[in-house]
Amino acid sequence: MNPQPRREIFAAGALALLLLVLMPALNAWAPEDSFFYVSNFTINVWGKYLAYGILAISVDLLWGFTGLLSLGQALFFSLGGYMLGMHLMLMIGKLGQYKSDLPDFMVFLGHTFLPTFWRPFYSFGVTALLVFLVPMLLAKGFGYLAFRSRIKGVYFSILTQALTYGASLMFFRNDMLMGGNNGFTDFKFLLGGDMRSAATQRTLYICTGIALLAVYFGCRWLTRTKFGLIQRAIRDSETRVLFSGYSAANYKLFVFVVAAGIAALGGALYVPQVGIINPSEMTPDKSLEAVVWVAVGGRGTLVGPVLGAVVINALKSWATRAIPDMWLILLGSMFLLVVLFLPKGLISVPGLIRDFLQRHRKPASPETPAPTPAPKVSAS
Amino acid sequence: MPLSPAPIPLLLMRLLFAAIAFLLACCAPLAQADAPAEIIAKAVLLDDKSEEQIALIRSGEPSPELLALLTLWKEGGIFLVEGPEGTKIPVTLEDAKDADDKQAARLLLTRQPYLGPDGKPIRLLASDLNAAETDSDLRSAMKSILDLAGLASPDRSARLQAVETLGMEQDPLRLPALRARISKETDSEIQHALKEAVALTELKDADPATVTLACRALGELGSIRSQDALRLLAKDGHPAARTAQDALRKIEQHLQTVNIWGTLFRGLSLGSVLLVAALGLAVTFGLMGVINMAHGEMIAVGAYTTYVVQCIFGPGLELSPFGIHIVLPSMKATGWLYDSYFLFAIPLSFLTAARAGVVLERCVIRFLYRRPLESLLATWGVSLVLQQLFRLTFGANNVQVASPNWLSGHWLINDVSLGWNRVFVIGFAAAIVLGVFLLLARTPLGLLMRAVMQNRTMAACMGVRTERVNLLTFGLGSGLAGLAGAFLSQIGNVGPSLGQSYIVDAFMTVVVGGVGSLFGTIFSALGIGMADQALQQILGNPVLGKILVLVGIILFLQWRPAGLFVTRSRSLDN
């Protein structure tokens, strides 16, 4: 094992320790007025960032490792969220505005009984299964059609964009019985825990952290197997993979479905923490935003996307309050600059500085080999 | 041969007669001009003797002046003031009000200002005055005169309007006038309306045979307007019920035909909109392979240019982006000059968007020709920035772009309404498609463009300045987007997110048509437009129709992954 991956693991481990153990502990046990106290708000916000991190990894698995720029990840993310949201809506019980067993929006629309497709969501176990199953099946169906006809590159992006757009149009409709414009909100209980209590939120935060770690190590393992090798080969030259006798379509389909599952997991963890899910989470723009995180963080690595998701969302939290008018300009130009001048993202900055210093320290020997050849990121 | 002296006086005499006749002809209207005012003045003074009043107003020739006065009277615009010795004087009020809400008045009879005994104009308060009264008999008499006069009105639309109102009234007393008009009317549409009105009125006839005939006639005419009246007949046990049902069935068929044609027309116009929006993309994406996510914003640039031009022609515009205060001058144009703003806006929006495109190409896209996926991302960044700039400059709300008068009417052909702006869309789309085709196929620049797009390296080897050609091509594509914007501003809202609503559709259009093929784009735009409108018509739900179209496109690409028209090449990828 070369030194960089080991360093990567150390860095990830240290971060995990900080985020997963230290922060919740300080939130739970530090006195509220002390310097070390981590507020409930902070925990909540970081929980959101980590859920976004999971989404970012799913984007990167497709884009950074397989060369598939999917603009449908926001769709799978919010589908996962919607599935859990349905369970949470049912768990409100009679505590809603209309004191009915039905979710409020259904009463509002004049429904008197629960539609059949809502019934399974009473059970948490079934919901947890459906969180993965529904987005993955959709991904399987769509991916099968797309990859079978060898739609690739930008066409794939445009098609996934259209898919997401169509789905958001559908979820905006009231007669879809998924809450229409307003989506789901006002959740009360999750597995018996009061969703507004600090303890539940902390638990959710820890679960998100663990899920992120699991996804990270899972993807790390996957990308290092022979499968991962073929995955990257597809990214670099799909035709050669085809000519070598591999069925590229099946590989791509598998990655696409896995990534959909990961995104759905992120969504399912995201919804109980922010307390709302509506179709505006589903738009192609949201997918592109996740792509921005990956691009800024550094695609083709697994730490980069998480870093990008956290940094950009922290920046967003700050900027939308401090300079609301300039935020989109900031995001857009940041993205532009990263794509133009920093194609490997923030994660490559230390390497670039090191190279730069080395070159200037020893101007006599320009042929100093780079310490580690960074994974090649090529255009598809 | 001696000239006879006789012809000269004869000629003179003739000239004299002609001059007198001419003078008389000139004076005649002047001499008669007082008549309507006199009639009305007399009638107004005949208070509460409505029969005499009616007789009086019926006696006058229905000249436009009489009709105008009648309308004024009916609407309570004629007032009676106390003159000297208790007489009443009918007056009308001037429009302008002073600070005390008082208005100057004119005598109805002579149109002279109403002066007090001291020779100064008297100013009156409208609320203090008694309007000349009308009772219901008088009002209905007035209405009938006005309506019947409308039948003979020289203005085509007023005539049509009058015929339609008379028809809906179903008043048998109006039949003679309507029938008389049929023979005189030359306009076929009004003729049609007249027949419809006559038949509609005849439905009220006591004789069942007439009613049956009228029902049949309405069925033949495909009269949509008479459906309610016919349904009433078809329900009760009227002897003509069966004929009425037949007629209803015929009208239903006619309605269906109308809907089909209407759908076709709307599909064609939506297709043209898509085509205009996608044409620029067909150049930048199809020919150059650059995914320009900011294409939608280029459309918005064109739309906002139109808005600015309109403001300069009209009331002027004040903008304050980033605290910088910009005041654009105003020409305060009205009428045809204001309406002509659009003719200036079209080339300007092309140029502005093309200029923006050139800047974009120089600053961003030229670095990314070999990385199409990244051009997608970078231009998305640009699109975010541009959207926010629009928001900061023009406000987050939609701005108002008024259509010129010559775009805001419609033709009614056999009950299918063809809006002029939609017809214009179709013509405009055809014109720019032709323009682009000629540019690409018939000019040296077009040849270079096609060469560079086919094989950039090879073209460079042959001495083509590819950088420059890239720049011009991208400018052309963006300019076309600007044209689309000028044009979409006439049929939809102009706001910061204008581009976003077209970008997905535009990309789909290009992909379905086959990237790199202008003809493919034309076919797919029209096809998608038609399918969308047809599904909307069938499902009665625009959103569901749109979703089905998207699903249809995904399935279509299964069948033809490279779109309708495949550009063949020997290269392995792409």
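What's counted below: heavy atoms across the whole structure, side chains too, no hydrogens, waters or symmetry copies. Below, chain A is the first sequence line, B the second, and so on; all start at residue 1.
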TODO: Of all the heavy-atom pairs spanning B/A396 and B/P496, show the shortest one and how long it is.
DONE: O-CD, 3.6 Å
Task: Side chain to side chain, A/S168 and A/E281, heavy atoms closer than 4.5 Å - done: no
- [ ] State whether the number of non-hydrogen atoms from other residues, nucleotides or ligands found under 6.0 Å of A/R173 atom CZ is greater than 12.
- [x] yes
Task: Neighbour count above 12 (heavy atom, 6.0 Å) for B/F394 CZ - done: yes
Open item on the list: Which residues in residues 290-297 of chain A have any heavy atom closer than 4.5 Å to a heavy atom of chain B?
Closed with: A/V291, A/V292
TODO: Tell me whether the centres of the aromatic rings in A/Y165 and B/F507 are closer together than 6.0 Å.
DONE: no
Open item on the list: Using 0.5 Å steps for rounding, measure from the CG atom of B/N470 to the CD1 atom of B/I365.
Closed with: 10.0 Å
TODO: Step by step, work out the side-chain contact (heavy atoms from CB on, under 4.5 Å) result for A/K316 and A/E289.
DONE: CA-CA 11 Å; A/K316 183 180 183 176; A/E289 229 174 274; 3.2 Å; yes
Open item on the list: For chain B, which candidate among A/G166, A/A167, A/A162 shows the most heavy-atom pairs at distances under 4.5 Å?
Closed with: A/A162
Task: Part of B/Q387 within contact of chain A (heavy atom distance under 4.5 Å) - done: neither
Task: Leading residue by heavy atom contact count with chain B [cutoff under 4.5 Å; candidates A/L163, A/L159, A/L288] - done: A/L288
Open item on the list: As an exercise: rank B/V364, B/T379, B/V385 by heavy-atom pairs under 4.5 Å with chain A and give me the winner.
Closed with: B/V385
Task: Heavy-atom side-chain contact between A/F171 and A/S280 under 4.5 Å - done: no
Task: Region of A/A146 in contact with chain B, defined by heavy-atom distances below 4.5 Å - done: backbone
Task: Part of A/F172 lying under 4.5 Å from any heavy atom of chain B - done: neither
TODO: State the SG-CG distance between B/C363 and A/L340, to the nearest 0.5 angstrom.
DONE: 9.5 Å
Task: Side-chain donor-acceptor contact under 3.5 Å, A/T283 with A/D285 - done: no
Open item on the list: I want to know whether A/F76 and A/F256 have ring centres closer than 6.0 Å.
Closed with: yes
Task: Parallel, tilted or perpendicular: ring planes of A/F142 versus A/F156, cut at 30 and 60 degrees - done: tilted
TODO: Please determine, by modelled atom types, if B/Q537 and B/R266 share a side-chain donor-acceptor pair under 3.5 angstrom.
DONE: yes
Task: Reported CZ-to-NZ distance for the pair A/F254 and A/K140, which is rounded to 0.5 angstrom - done: 11.0 Å
Open item on the list: With a sphere of 6.0 Å drawn around OH of A/Y246, does it hold more than 12 non-hydrogen atoms of other residues, nucleotides or ligands?
Closed with: no
Task: Side chains of B/L498 and B/I299 in contact at under 4.5 Å (non-hydrogen atoms) - done: yes
Task: Contact residues of residues 68-75 of chain A (partner chain B; heavy-atom separation under 4.5 angstrom) - done: A/L69
- [ ] Give the C-alpha distance, both sets of side-chain angles, the deciding distance and a yes or no for side-chain contact (heavy atoms from CB on, under 4.5 Å) between A/I158 and B/F285.
- [x] CA-CA 12 Å; A/I158 292 169; B/F285 175 39; 3.8 Å; yes
Task: Spatial distance of atom OG (B/S478) from atom NE2 (B/H295) [nearest 0.5 Å] - done: 8.0 Å
Open item on the list: With a sphere of 6.0 Å drawn around CZ of A/R240, does it hold more than 12 non-hydrogen atoms of other residues, nucleotides or ligands?
Closed with: no
Task: Residues in residues 329-339 of chain A near chain B [non-hydrogen atoms, under 4.5 Å] - done: A/I329, A/L331, A/G332, A/S333, A/F335, A/L336, A/V339
Task: chain A-proximal positions within residues 543-556 of chain B [heavy-atom distance under 4.5 Å] - done: B/V543, B/L544, B/K546, B/I547, B/L550, B/I554, B/L555
- [ ] Quick one: pull up CG in A/L55 and OG in A/S287 and give me the separation to the nearest 0.5 Å.
- [x] 7.5 Å
- [ ] Supply the atom-to-atom distance A/I347 CD1 to A/L352 CG, rounded to the nearest 0.5 angstrom.
- [x] 11.5 Å
Open item on the list: Heavy-atom cut-off 4.5 Å, strictly under: side chain, backbone, both or neither for B/L377 against chain A?
Closed with: both
Task: Region of A/W327 that comes under 4.5 Å of a non-hydrogen atom in chain B - done: neither
Open item on the list: Need one label for B/V511: side chain, backbone, both or neither, based on atoms under 4.5 Å from any heavy atom in chain A.
Closed with: side chain
